[in-house]
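Numbers restart at 1 for each chain; the letters A, B, ... are given by sequence-line order, proteins then strands. The model shown is predicted, which means the values in this text are computed figures rather than measured ones.
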Amino acid sequence: MTIVEKIAEAVIEGLLKEYDFKTTHKDLQITLTKPEFEGDYTLVLFSLVKKVNTTPELLANTLGEYLIKNYKELFQDFNVIKGFLNLGISNKLLITFAADNYNNFSFGTKAATGKTVMVEYASPNTNKPLHLGHLRNIFIGWSIAEILKANGHEVIKTCIVNDRGIHICKSMLAWQRYANGDTPKNTHTKGDHFVGDYYVKFNDIYKEEISLLVSKGIPNETAKKEAPIMKATQDMLLAWENNDPKVKDLWQTMNGWVYEGFAETYKRIGADFDKTYYESDTYLLGKDFVYEGLEEGKLFTKEDGSIWIDLTAEGLEEKLLLRSDGTSVYMTSDIGLANVKYNEYHPQKSIYVIGDEQNYHMKVLQQVCKKLGMPYADDIFHLSYGMVELTTGKMKSREGTVVDADDIIDEVISTAKHHTEELGKTKDFTENQLMALYETIGLGAMKFYLLRVDPKKRMIFNPEESIDFHGFTGPFIQYTFARIQSVFRKINTDEKISFEIDASSFQELTPLEKELLILLEQYPTIITQAADELNPSVIALYAFQIAQKFNTFYNSHAIASADTMEQKKLRFELSSITANVIKSSMQLLGISVPQKM
RNA sequence: GGUCCGGUAGCUCAGUUGGAUAGAGCAUCAGCCUUCUAAGCUGAGGGUCAUUGGUUCGAAUCCAAUCCGGAUCACCA
């Protein structure tokens, strides 16, 4: 049981005994005491005053007296300011906590729940390389999956690859016309970038053709449709859908190049998937459900034969599910995919990590599934994250302001190299160790930067300033870990001692030791909270607070050369739990920690 | 226009089931390395919590209106 739970239990009993008033944990406000007041945890009593018909001060004092008298193991003192009851947690309890957990590396992880959760993330198109927005998506998705695992859930990480459609044909056509048989290999280009360049090429030609037509007096809208290269692309899509072997062959080849490029990036950033779906395999599957829904009268047709769903009663609009020519739209293939996922894994919850620009689409998808009577409809959850924007506005490929994933990763790793060299602490590293260290620090900075912000909110990235390595950053936390390892190396060579403390004979804590222990004790609660909110930034913020508190402690307390053996043991335990919590929480963010830096 | 999201320090962000003097990092300024890693620590300055009104013992947090920004409302994906 956590300290807060223990406090709640004691308070509930106190209220019952002293006031004959029944309450529950969630009706109690228990928070960390603000630094300017005495105490560790604070119970806010204003809301209870009316219910037990007394004054705030009286209630707080009565409860305080009760708690200190009946829960000596838990509390050592209290004070009252108005309706705030500030409680001092007993040193003995905290020292026992330290002794019990300093060697416990699963501290924080929960027992298995038997619940299966699917997390879909990344979901790239195969016509261009990944960019900064994808990185945010990938880091969030991956981290959420790990956080859910830590909470005892079975997690299936999935990825849907949007590998077909008109946009894919664009790069194919441009390659066919302008590449002269070039490949990623003979041009020494990463496959996804290679293909992406032809997508850009397509758009350049397309634009030229449009302006040519417009200059001949053709209206813009018509020009967009009539541009020869666009016509050719549509023909290609048609050929693709009719399984034209040449087109399919080209498609296979070019997508293959892209996959090789993606795989390289995924490997580098540690993204992995248990199951990858391809839109080309699933895009037709939704059709049957649409026809079925139509037969059951849940859908309707318009005069031209197109099939629609009426969601006006749900506060949404009418939505097209099948075109008049019988071909499927985005929504249709999403219905199909949802079914495939469900049939394959039967998850209790299916999380889609998708940008907030698709809020409406996902709302509609869920309602459509509901109307069609899908058993999993209510278990679909759109984890909607905000776009990454630049200080100058949105990233636009047209204006060349897209921050490429591979570029930014290279950049942050080279910055890590630069900083490390400048500090000159790595003289005993081999070349390989150095390369690994730069990756660890660079990627740590990158991932932490993108995960420390609430996923729901859009965030702003300033490409002029490189990602920071000081303060509320990954490297700061990594550094704290490395620092602790350094202390351990010192202690281990010193002498062999047992680090168990007898909490019945030693009960001294400095204020900072106490604050640190109280923070560390909250780790399991934080993991639960992060899972409940599906929010990795909760972990990031917590890891930072731990590192910050430890550094303050470190600065004013000798560890290896503490005054007494008991103090030395306690501080070792404290450092050990801190290191463990840092390592474990950073792991949940996909960030590794170095032994030295 | 409808719907949804947002506006907190110069910048990037915490804080919203209503609670104590609104926090952190960066940036700026002033200190701290003969002691376990200075990617660190200590301190200072910096706020009309978009605006106005309301609800009450108490509002950044709840309600209403207004202003500003964004997303979305395709036989695109």
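Looking at A:Asp454 and A:Lys456, a side-chain N of the basic residue comes within less than 4.0 Å of a carboxylate O on the acidic one, giving a salt bridge. Using a 4.0 Å cut-off between charged side-chain N and carboxylate O, A:Lys225 and A:Glu221 make no salt bridge. Under 4.0 Å is where a charged nitrogen must lie from a carboxylate oxygen, and between A:Lys568 and A:Glu573 no such pair does.
B:G70 and B:A27: their P atoms are spaced 30 Å apart (whole Å). Of the P atoms belonging to B:G47 and B:C68, the separation is 26 Å, rounded to the nearest Å. Remark: the separation of the C1' atoms in B:A14 and B:U56 is 27 Å, to the nearest Å. Taking atom C1' in both B:U17 and B:C13, the straight-line distance is 23 Å, to the nearest Å. If you take atom C1' in B:C49 and the same atom in B:U28, they sit 23 Å apart, rounded to whole Å.
Across all strands, A:Asp325 comes closer than 4.0 Å to no nucleic acid atom at all (heavy-atom distances). Backbone-only contact: A:Phe544 has heavy atoms under 4.0 Å from sugar-phosphate atoms and none from a base. Across all strands shown, A:Ile460 has heavy atoms under 4.0 Å from sugar-phosphate atoms exclusively, and none from any base.
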(request) Please report the C-alpha distance between A:Tyr385 and A:Asn137 in whole Å, then the side-chain angles of each, then the deciding distance to 0.1 Å, and finally whether the side-chain hydrogen bond (donor to acceptor under 3.5 Å, both in side chains) criterion is met. (result) CA-CA 8 Å; A:Tyr385 69 92; A:Asn137 177 312; 3.2 Å; yes
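If you check distances only, the side chain of A:Asn555 never reaches the base of B:A38 with a donor-acceptor pair under 3.5 Å. Counting atom types as modelled, A:Ser333 pairs no side-chain N or O with a base atom of B:A77 as donor and acceptor under 3.5 Å.
Here CG of A:Asp40 is found 8.5 Å from CG of A:Leu32. Values are rounded to the nearest 0.5 Å.
Here the nucleotide nearest the side chain of A:Phe472, chosen from B:G19, B:G25, B:G70, is B:G25. You'll find that the side chain of A:Glu357 is closest to B:U72, out of B:U12, B:U72, B:C26. In the set B:A20, B:A38, B:G70, the nucleotide with an atom closest to the side chain of A:Thr42 is B:A20.
Between the CZ atom of A:Arg458 and the C1' atom of B:C4 there is a distance of 12 Å, given to the nearest Å. When the P atom of B:A77 is taken as reference, atom NZ of A:Lys319 falls 10 Å away, rounded to whole Å. Between the CG atom of A:Asp356 and the P atom of B:U72 there is a distance of 9 Å, given to the nearest Å.
The backbone N or O of A:Tyr41 lies less than 3.5 Å from a partner atom in the side chain of A:Thr33, making a donor-acceptor pair.
Distances shorter than 4.0 Å separate none of the side-chain N or O atoms of A:Thr31 from OP1 or OP2 on B:G19.
Both cation-pi conditions hold for A:Arg164 and A:Tyr283: the charged atom is under 6.0 angstrom from the six-membered ring centre and inside a 45 degree cone around its axis.
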(message) Give the dot-bracket line for RNA chain B from 5' end to 3' end: parentheses for intra-strand Watson-Crick or G-U pairs under 3.5 Å, square brackets for crossings, | for inter-strand pairing, dots for unpaired.
(response) ((((((((.[[[[.)...(...]]]].(((((.......))))).....[[[[[..)....]]]]])))))))....
